[in-house]
2 protein chains.
Amino acid sequence: MALHIEKIATSKISEVDFSNLKFGQVFTDHMFECDFENGAWQTPKIRPYQALSIDPSAKVFHYGQAVFEGMKAYKDDNDEIWLFRPEQNQERINKSAERLDMPAFPKEYFMEGLNTLLKMDSEWVKKGENNALYIRPFVIATENCVSASSSTNYKFMIICSPVQGYYAGEVKVVFADKYSRAANGGVGFAKAAGNYAASFYPAKLAANDGYQQIVWTDASTHEYLEEAGTMNVFFRINDTLYTAPTSDRILDGVTRKSIIELAKSEDINVEVRKISVKEIVEAAKKGELLEMFGTGTAVVISPISAFSNKGENFDLPKLENSYAALLKKKMTDIQRNLSEDKFGWRVKVQ
Amino acid sequence: MALHIEKIATSKISEVDFSNLKFGQVFTDHMFECDFENGAWQTPKIRPYQALSIDPSAKVFHYGQAVFEGMKAYKDDNDEIWLFRPEQNQERINKSAERLDMPAFPKEYFMEGLNTLLKMDSEWVKKGENNALYIRPFVIATENCVSASSSTNYKFMIICSPVQGYYAGEVKVVFADKYSRAANGGVGFAKAAGNYAASFYPAKLAANDGYQQIVWTDASTHEYLEEAGTMNVFFRINDTLYTAPTSDRILDGVTRKSIIELAKSEDINVEVRKISVKEIVEAAKKGELLEMFGTGTAVVISPISAFSNKGENFDLPKLENSYAALLKKKMTDIQRNLSEDKFGWRVKVQ
Ligand SMILES: Cc1ncc(COP(=O)(O)O)c(C=O)c1O
Ligand SMILES: Cc1ncc(COP(=O)(O)O)c(C=O)c1O
């Protein structure tokens, strides 16, 4: 694969305080970029991280034709860098792109581009339990035309940001009963840019009430629990874990599917089926709802300490040996090369 | 209002072939721009139309936090330039912005900025029935941070594009029965960027079958007709015009509300109520469905010649004296200062 490389003159890494990072605000020295023009992806390039020059009429600004991915790289004690199931993200960005009528990005470009970028910026991946490099592949529509139709031109990019933990404190959630994230036959299953903006206002209302996340429900009836803003959601009733099936409204999370496999291999009973608000409220009242947690690349697993339904708050018990804690440990050990990886999920950058 | 103005050195207008314009691809000499920083809109400026310098981590690229408007200016035979109900677009962009958790843009900035821009670029507004200046106000999230939450920074812009007619040929539509545009409790009523990207793939499928537009139905049941991609839709059964009520899924179109008023003042019976696919199909079969047309700023009125429902095509009759033709004439005469404007819709640029 041809790849144009332009290196930075001097790294800006010495200016960065790695012990005090805000999520997604600091970027590494280089970025990967590839333009789709005249019906084909052009030669990809890696160049110094910098601002883009984009016409105000670029379709991404007007029609939200943009998709993205979120991945993480980890550095182990031997300075090896590891990715977690990167082919999942590579496939998913193309699924998202298809739904938004954007061209698929070649697998080879994605994998080799990412690999080369990570090697060039390897100093930015820090060791230690709390450190990771967050990787953001994305595609934007760059045709200069304010007519509401698919773009002819696109830009695929990968930018990387060193990060620490995502959620500082405990996470309390609201079950959505008015606003919605996704329609049947819509783009909820895609990591389409517009899905996220649509959730900011309801999230602000929830935050005003002291809840950090919303668990979205089906838009037609608000009776079934689907997923959170950037996490899939699991419920533990007695000793069984439940999570909603994926659909055209729900993102097929890489962490979600890995947690399902991991839980099964730990002999935890997992059921993937529709979950009603009613049964969760009832289980909570009976004391049978033992845990709730979100799963996602950014958070890995984020335990949920309380939920609110139609204005009523339910606190979850504090467990000694929670599934969330067990699965998070197993998962991060695999991700960080601290344990055997019988699933073959870990991929070395080399 | 303080406004920084930087004029172009030489106009590029002589390079433009005004008899052969593609919609939304050519822009005037100047653009209006205003940044939201530190919790406030800064001094607006008008400067030469040019590319923006934007960081790849700007939130608009990742989370689709962007809203826009579409307006038109017309030049009459006395070289006066006219806007159509501009305060409607000014109010609506702020409604859209609120739903996407973006700050409202001050009315005075919008109106004065637009007015000054149009005066500076007045040569770009051409006279004649088929000519107009399409005006695109929009707001994008510019905070540099790949964390899925509302931006702290925004950019409001107005860019302008000289245009001719929007649809070249006849318009045939498909009634949506699988894909959806908007969820209950979603952002369908807003001119949110992401709504449009979500419609491109279904639109492509429709285009493959020879249909130029989709008439969206409610996502829950697909039983009720809502609106098209960039048009509200009217149905004429016998001598009554029907259009769906606005809701949180449907854009409150300026053309739609004006056509309703105009039709009433022409003693045409107009009913705003839910319209089922079933009744339209039945009316078509009985020969009582006399017209269908879309309304929107870009098209004004676009007659629909056929619709497809679940794979079955229905052609509409060709009428001599259609409501569409009558209302389009009345409407454009008002817009272009060719008739009295008893509604007070026309606003002079001065
Ligand atoms: C809407 C949504 N749901 C769930 C997830 C979790 O997916 P993954 O585990 O692949 O990161 C994400 C993103 O990370 C998301 O954006
Ligand atoms: C989704 C949608 N519906 C309807 C319309 C028509 O609205 P208006 O008449 O205000 O242009 C538009 C835009 O122009 C639109 O984007």
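Lettering of chains follows the sequences in order, A, B, ..., and the numbering in each one begins at 1.
Separation of atoms NZ (B:K204) and OG (A:S149) is listed at 12.5 Å; rounding is to 0.5 Å. Atom OH of A:Y63 sits about 8.5 Å away from atom OG1 of B:T230, to the nearest 0.5 Å. Interatomic distance, CD of B:Q25 versus OG of A:S147, reported as 7.5 Å (0.5 Å rounding). To the nearest 0.5 angstrom, A:F200 atom CZ is 10.0 Å from B:M102 atom CE.
At a cut-off of 3.5 Å, with distance as the only test, a side-chain donor of A:D55 or B:Y49 sits close to an acceptor on the other residue.
Looking at A:Y134 and B:V146, their side chains come closer than 4.5 Å, going by heavy atoms from C-beta outward. In this structure, the side chains of A:S53 and B:L52 stay at 4.5 Å or more apart for every pair of heavy atoms.
For B:I54, the parts lying near chain A are the backbone and the side chain together; criterion is any non-hydrogen pair under 4.5 Å. Contacts of A:L100 with chain B are made by both backbone and side-chain atoms, with heavy-atom separations under 4.5 Å.
Considering only heavy-atom pairs separated by less than 4.5 Å from chain A, the leading option among B:I159, B:V60, B:V187, B:V139 is B:I159. Chosen from A:A193, A:G194, A:G24, A:A183, the residue pairing most often with chain B at heavy-atom distances under 4.5 Å is A:A193. Ranked by non-hydrogen atom pairs under 4.5 Å with chain A, the options B:A176, B:G186, B:A66, B:G64 are led by B:G64.
The shortest non-hydrogen separation linking B:E98 to A:Y201 is O-CD1, 3.3 Å. Closest heavy-atom contact between A:S57 and B:F27: CB-CZ, 3.2 Å.
Formation of a donor-acceptor pair under 3.5 Å by the A:R99 side chain with backbone atoms of B:A198 is found in this model.
Under the side-chain hydrogen bond (donor to acceptor under 3.5 Å, both in side chains) criterion, B:Y224 pairs with no residue at all, not counting sequence neighbours.
Between A:F138 and B:H62, a ring centre-to-centre spacing shorter than 6.0 Å is recorded. With ring centers used as reference points, A:F61 lies 6.0 Å or more from B:F68.
Applying the side chain to side chain donor-acceptor pair (under 3.5 Å) test to every pair with at least one member in residues 179-194 of chain A, sequence neighbours left out, gives these pairs: A:R181-A:E227, A:N184-A:R249.
Counting heavy-atom neighbours within 6.0 Å of A:K178 NZ, excluding the residue itself, gives a total of 12 or less.
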